[in-house]
Amino acid sequence: MRSLLFVPGDSPKKLDKAFASGTDVLLIDLEDSVAEDAKPQARKTTAEFLKSHIGESNRPRLFVRVNAFDTGQTDHDLDQVMHAAPDGIMLPKSVSGADVAHLDGKIGVQEAINGIGDGKTGILVVATETAASVFNLGSYRGSSPRLQGMTWGGEDLSADIGALSNRDENGAYTDVYRLARSLCLLGAVAAGVQPIDSVFTNFRDEAGLRREAEAALRDGFTAKMAIHPAQVPVINDVFTPGDADIEKARRIVKAFADAGNAGVVGLDGEMLDMPHLKRAEKLLARARAAGKA
């Protein structure tokens, strides 16, 4: 996963456009982008879309963002979409790993009812949307074998806190949101799942999106969410390793292999140790996932 594109689940036209965007994951939304009175129809539209496309071989992965547990609508969402066998479910406003374990149980029941293979349905989680959730970002390790990625968000968090804004006058996130971002990154890596950066809301600012995506990649995120199809090519480009980086990573891996069990090797006048090897291996894994290695 490099790019994850949100699309409202109540619009067939937007669903079709997003499906053809080149995104790695389509996040079909039943939560924030769908008005309350439109949610019943959105569930039906989403299920029909899933059934139409889930059997295709060359397609993005199809996840559904359900409504949060505290809305009382999560079960209604799952009842309507799970029979269409989505690739996964995204849980918003998760407070801790216990919420993921709870969702795991609900999905397991749905898989059994609908004849879906046990464990086939993955989970993504938005883990920083309340003040309480930020204190629990280390609790996701071992919460569910379905968990594939963790992401963070500043919009709902700012609303929960009562902040006037989540960015400063220069457009940078303020300290509270940088903290949530950092803890989500660390929590995801500790849990052994993909750390996914949040959305960049100004979809017309391609340069700003690229800067933010490059900063996320620099810090350790391996994917980024999008809110508009136009953002997908930029995100895919940033999170796809370049040829020069791939070649360097291959040379690092080879140098360690040629040296046997050495803890330190020399390459191009630079001394490299195990962290360099691990970074090279992770880069090559991302390149393979993108079809480049």
Side-chain angles (χ1 to χ4, degrees), residues 1 4 6 25 27 29-33 63 65-74 88-106 122-202 209 211-227 235:
M1 294 186 288
L4 301 91
F6 279 112
V25 180
L27 299 172
D29 191 24
L30 298 178
E31 194 211 14
D32 285 347
S33 66
F63 276 65
R65 179 166 72 168
V66 296
N67 288 278
F69 285 143
D70 63 4
T71 66
Q73 299 192 63
T74 314
I89 299 295
M90 171 175 268
L91 179 67
K93 298 179 178 63
S94 178
V95 177
S96 71
D99 281 350
V100 172
H102 189 194
L103 179 61
D104 180 302
K106 290 179 179 294
I123 292 175
L124 298 174
V125 63
V126 190
T128 68
E129 293 185 297
T130 64
S133 66
V134 176
F135 291 94
N136 296 317
L137 286 164
S139 68
Y140 288 88
R141 182 178 180 86
S143 60
S144 168
R146 299 180 189 274
L147 185 61
Q148 298 176 3
M150 291 171 57
T151 188
W152 72 284
E155 305 307 317
D156 284 283
L157 180 58
S158 65
D160 189 56
I161 294 171
L164 299 180
S165 175
N166 54 25
R167 294 180 184 261
D168 63 20
E169 61 276 6
N170 297 315
Y173 279 111
T174 58
D175 287 347
V176 171
Y177 308 96
R178 289 201 298 268
L179 174 65
R181 173 184 181 273
S182 298
L183 290 175
C184 182
L185 169 62
L186 294 170
V189 174
V193 301
Q194 269 198 263
I196 302 165
D197 195 31
S198 187
V199 299
F200 184 76
T201 57
N202 187 350
L209 169 64
R211 285 194 299 271
E212 191 165 284
E214 289 174 346
L217 176 66
R218 175 202 65 205
D219 291 345
F221 288 95
T222 58
K224 188 171 180 63
M225 297 188 296
I227 58 169
I235 293 172

Applying side chain to side chain contact (heavy atoms under 4.5 Å, CB included) between Met90 and each of Val125, Val66, Thr151, report the one that passes.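 With Met90 as partner, side chain to side chain contact (heavy atoms under 4.5 Å, CB included) holds for just one option, Thr151.
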Output side-chain donor-acceptor pairs under 3.5 Å for residues 214-221, partner residues at least two apart or in another chain, one line each.
| from | atom 1 | to | atom 2 | distance (Å) |
| --- | --- | --- | --- | --- |
| Asp219 | OD2 | Arg181 | NH1 | 3.0 |
| Asp219 | OD2 | Arg181 | NH2 | 3.0 |

Hey, does [Y] have a side-chain heavy atom less than 4.5 Å from the side chain of [X]?
{"X": "Gln148", "Y": "Leu124", "value": "yes"}
{"X": "Pro145", "Y": "Asp104", "value": "yes"}
{"X": "Leu183", "Y": "Phe135", "value": "no"}

- Heavy atoms only: give me the nearest Ala180-Val134 pair and the separation to one decimal.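 Between these two residues, the closest heavy atoms are CB-CG2, 4.3 Å.
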List the atom of Asp160, the atom of Ala131, and the distance in Å for their closest heavy-atom pair.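 Minimum heavy-atom separation between Asp160 and Ala131: OD2-N, 2.8 Å.
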Can you tell me if Arg146 uses its side chain to pair, donor with acceptor, with the backbone of Ile123 under 3.5 Å?
->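 Flag not set: sc Arg146 to bb Ile123 has no pair under 3.5 Å.
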Could you give me the CA-CA distance, side-chain angles and deciding distance for Lys224 and Ile235, then say whether side-chain contact (heavy atoms from CB on, under 4.5 Å) is met?
-> CA-CA 7 Å; Lys224 188 171 180 63; Ile235 293 172; 4.0 Å; yes
Measure the spacing between [atom1] of [X] and [atom2] of [Y] and express it to the nearest 0.5 Å.
{"X": "Asp32", "Y": "Asn67", "atom1": "CG", "atom2": "CG", "value": "8.0 Å"}
{"X": "Leu137", "Y": "Trp152", "atom1": "CG", "atom2": "CH2", "value": "11.5 Å"}
{"X": "Leu91", "Y": "Ser144", "atom1": "CG", "atom2": "OG", "value": "11.0 Å"}
{"X": "Phe6", "Y": "Glu31", "atom1": "CZ", "atom2": "CD", "value": "8.0 Å"}
{"X": "Asp29", "Y": "Ile227", "atom1": "CG", "atom2": "CD1", "value": "12.0 Å"}

Could you tell me which residues satisfy salt bridge (charged side-chain N to carboxylate O under 4.0 Å, His left out) with Arg167, sequence neighbours excluded, listed by chain and number?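 Listed in chain order: Glu212.
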Quick one: list whatever passes side chain to side chain donor-acceptor pair (under 3.5 Å) with [X], sequence neighbours left out.
{"X": "Glu129", "value": "none"}
{"X": "Glu155", "value": "Asn166"}
{"X": "Asn136", "value": "none"}
{"X": "Thr130", "value": "Ser133"}

Which residues pass the side-chain contact (heavy atoms from CB on, under 4.5 Å) test with [X], sequence neighbours left out?
{"X": "Gln194", "result": "Met1, Ile196, Thr222, Ala223"}
{"X": "Ala188", "result": "Met150, Val193, Pro195"}
{"X": "Thr174", "result": "Asp168, Tyr177"}

Inter- and intrachain pairs under salt bridge (Lys or Arg N to Asp or Glu O under 4.0 Å), touching residues 170-180, at least two apart: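 Listed by first then second residue: Asp175-Arg178.
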Let me have the donor-acceptor pairs involving side chains of residues 96-103, under 3.5 Å, with sequence neighbours excluded, atom names and distances please.
| from | atom 1 | to | atom 2 | distance (Å) |
| --- | --- | --- | --- | --- |
| Ser96 | OG | Ala98 | N | 3.2 |
| Asp99 | OD2 | Val95 | N | 2.8 |

Item checked: Test log, rule salt bridge (charged side-chain N to carboxylate O under 4.0 Å, His left out), inputs Asp156 and Lys93 -> CA-CA 8 Å; Asp156 284 283; Lys93 298 179 178 63; 3.3 Å; yes
